[in-house]
Amino acid sequence: MRATAVRRTALAATAAALALLATACGGSDSAGTKDGAKPDAGADAKPAVKALTSAELEKASLEQGDVADHKITKTGPEDIAAAADVTVDKKECEPIGHAFYGVKRGTPVGNAGRKVVSEPKKPTGASKDDLAGALDSTSSLVTLASYEGDGAVKSLAELRESAAKCATGGFTLTMKDSKQKVVKLTEEKVNGGEEAVAWTVLMGEADALVPFKLVTLRQGGTVATVFSFNLSAFGGKSPDFDMPTAVIDAQAKKLG
């Protein structure tokens, strides 16, 4: 897989947002027991989730300066794929495949997105290490989506189920006329929000695998998704790169 194709795939890729969690009042104001005491509000009360609009989500999105040594810009229409543009050859793999491209999943109230690119080390000469350092730059597509009710919880549950079914069997994504083979998903440990899931995703052919990182976290009714690739990870015998922890932590902090 050519670097330009992978870059286009990642930056056209992978869904998410900020919502505030409020405490719902339980019981009725007028209802009471025979001795005048009101029923226990905590037994059946459920927290209410207020979904944010796209305009409100922009305020919860990463901005330049939020992550040291990273360039942050807003996404444009060309960076986020529409569901009609992405075809997955296995229905059960569709949720995880859509997450790569930032496709809206479910019925979010609002959406926002950012492109985040780490600044590579500046070369001091023409040595092999200098050249490798110049390519050591991680690009991430960060999307936010807000949901009413339990939409955010269902979104993560759907993603987990899809990844579990498609972790080893592989599947093929078609983004317009570009096909990408997903060979394997390996679950990773990640922290952030009230719950978070992450995977290392291997795409390509057996002799030319390219790693990506997919992270999704939830804070209240908010789902934030981070899909990343690194140029220096191409073509190695064991290609890999570190999870974009600084980006994840910064976004989780703004959602908190």
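- A 4.5 Å side-chain heavy-atom check between Val86 and Thr174 finds every atom pair outside the cut-off.
- By the rule that hydrophobic residues join a cluster once side-chain heavy atoms approach within less than 4.5 Å of another member, Ile72 and Val247 end up as members of one cluster.
- Taking the charged nitrogens against the carboxylate oxygens, Glu195 and Arg160 do have a contact shorter than 4.0 Å, which makes a salt bridge.
- Judged by distance alone, the side chains of Asn230 and Thr138 do bring a donor and an acceptor atom under 3.5 Å apart.
- Residues Val183 and Leu209 meet the side-chain proximity criterion, which asks for heavy atoms closer than 4.5 Å.
- For the pair Thr225/Val215, no side-chain contact is recorded, criterion being any heavy-atom separation below 4.5 Å from C-beta on.
- Across all their heavy atoms, Leu52 and Ser146 have their closest contact at O-OG, 2.5 Å.
- In this structure, the separation between OG on Ser162 and CD1 on Ile96 is 5.5 Å, given to the nearest 0.5 Å.
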Check the pair Lys115 / Lys71 against side chain to side chain contact (heavy atoms under 4.5 Å, CB included), numbers first and verdict last.
-> CA-CA 8 Å; Lys115 291 183 291 186; Lys71 180 180 180 181; over 6 Å; no

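- Of all heavy-atom pairs between Ser155 and Arg105, the closest is OG-NH2, 2.8 Å.
- Note that CG of Leu156 and OH of Tyr147 are 9.5 Å apart. Values are rounded to the nearest 0.5 Å.
- Ser232 approaches Asp136 most closely through the heavy-atom pair OG-OD1, 3.6 Å.
- Nearest heavy atoms, Ser61 versus Asp66: O-OD2, 4.1 Å.
- Arg114 pairs in a side-chain contact (heavy atoms from CB on, under 4.5 Å) with only one of the listed residues (Gln64, Gln251, Glu58), which is Glu58.
- Judged by distance alone, the side chains of Lys184 and Thr168 never bring a donor and an acceptor atom under 3.5 Å apart.
- Using a 4.0 Å cut-off between a side-chain N of Lys or Arg and a carboxylate O of Asp or Glu, Lys59 and Glu56 do not qualify as a salt bridge.
- Other residues, nucleotides and ligands contribute at most 12 non-hydrogen atoms within 6.0 Å of the CG atom of Asn191.
- Within 6.0 Å of the CG atom in Asp85, the count of heavy atoms belonging to other residues, nucleotides or ligands exceeds 12.
- The CG atom of Leu62 lies 11.0 Å from the OG1 atom of Thr73; values are rounded to the nearest 0.5 Å.
- Put simply, the side chain of Ser118 does not reach to within 4.5 Å of the side chain of Asp69, judged on heavy atoms.
- In this structure, Phe229 and Phe212 have tilted ring planes: the angle between them lies in the 30° to 60° band.
- No chain of hydrophobic side-chain contacts below 4.5 Å, direct or via other Ile, Leu, Val, Met, Phe, Trp or Tyr residues, connects Leu159 to Val153.
- For Ile248 against Val190, the heavy-atom pair with the smallest separation is CD1-CG2, 4.1 Å.
- Formation of a donor-acceptor pair under 3.5 Å by the Lys90 side chain with backbone atoms of Lys165 is not found in this model.
- The pair Glu158-Lys154 fails the salt-bridge criterion, with no side-chain N (NZ, NE, NH1 or NH2) lying under 4.0 Å from an Asp/Glu carboxylate O.
- Taking the ring centre of Phe241 as origin, the terminal cationic atom of Lys213 falls inside the region bounded by 6.0 Å and 45° from the ring axis.
- Residues in residues 73-113 take part in these disulfide bond (SG atoms under 2.5 Å apart) pairs, two or more places apart or across chains: Cys93-Cys166.
- With rounding to the nearest 0.5 Å, the separation of CG in Leu214 from CD in Glu187 is 11.0 Å.
- Taken to the nearest 0.5 Å, the CD atom of Glu194 stands 10.5 Å off from the CG atom of Leu255.
- Taken to the nearest 0.5 Å, the OG1 atom of Thr200 stands 5.0 Å off from the CE atom of Met243.
- A donor-acceptor pair shorter than 3.5 Å can be found between the side chains of Gln180 and Ser178.
- A donor and an acceptor atom, one from each side chain of Ser228 and Ser140, are located under 3.5 Å apart.
- A heavy-atom distance below 4.5 Å is found between the side chains of Thr143 and Ile80.
- Between Ser139 and Val116, every side-chain heavy-atom pair lies at or beyond the 4.5 Å cut-off.
- In terms of heavy atoms, Gly110 sits closest to Ser54 at CA-OG, 3.5 Å.
- Looking at Val182 and Leu173, their side chains come closer than 4.5 Å, going by heavy atoms from C-beta outward.
- In terms of modelled atom types and a separation under 3.5 Å, the side chain of Asp89 and the main chain of Phe171 share no donor-acceptor contact.
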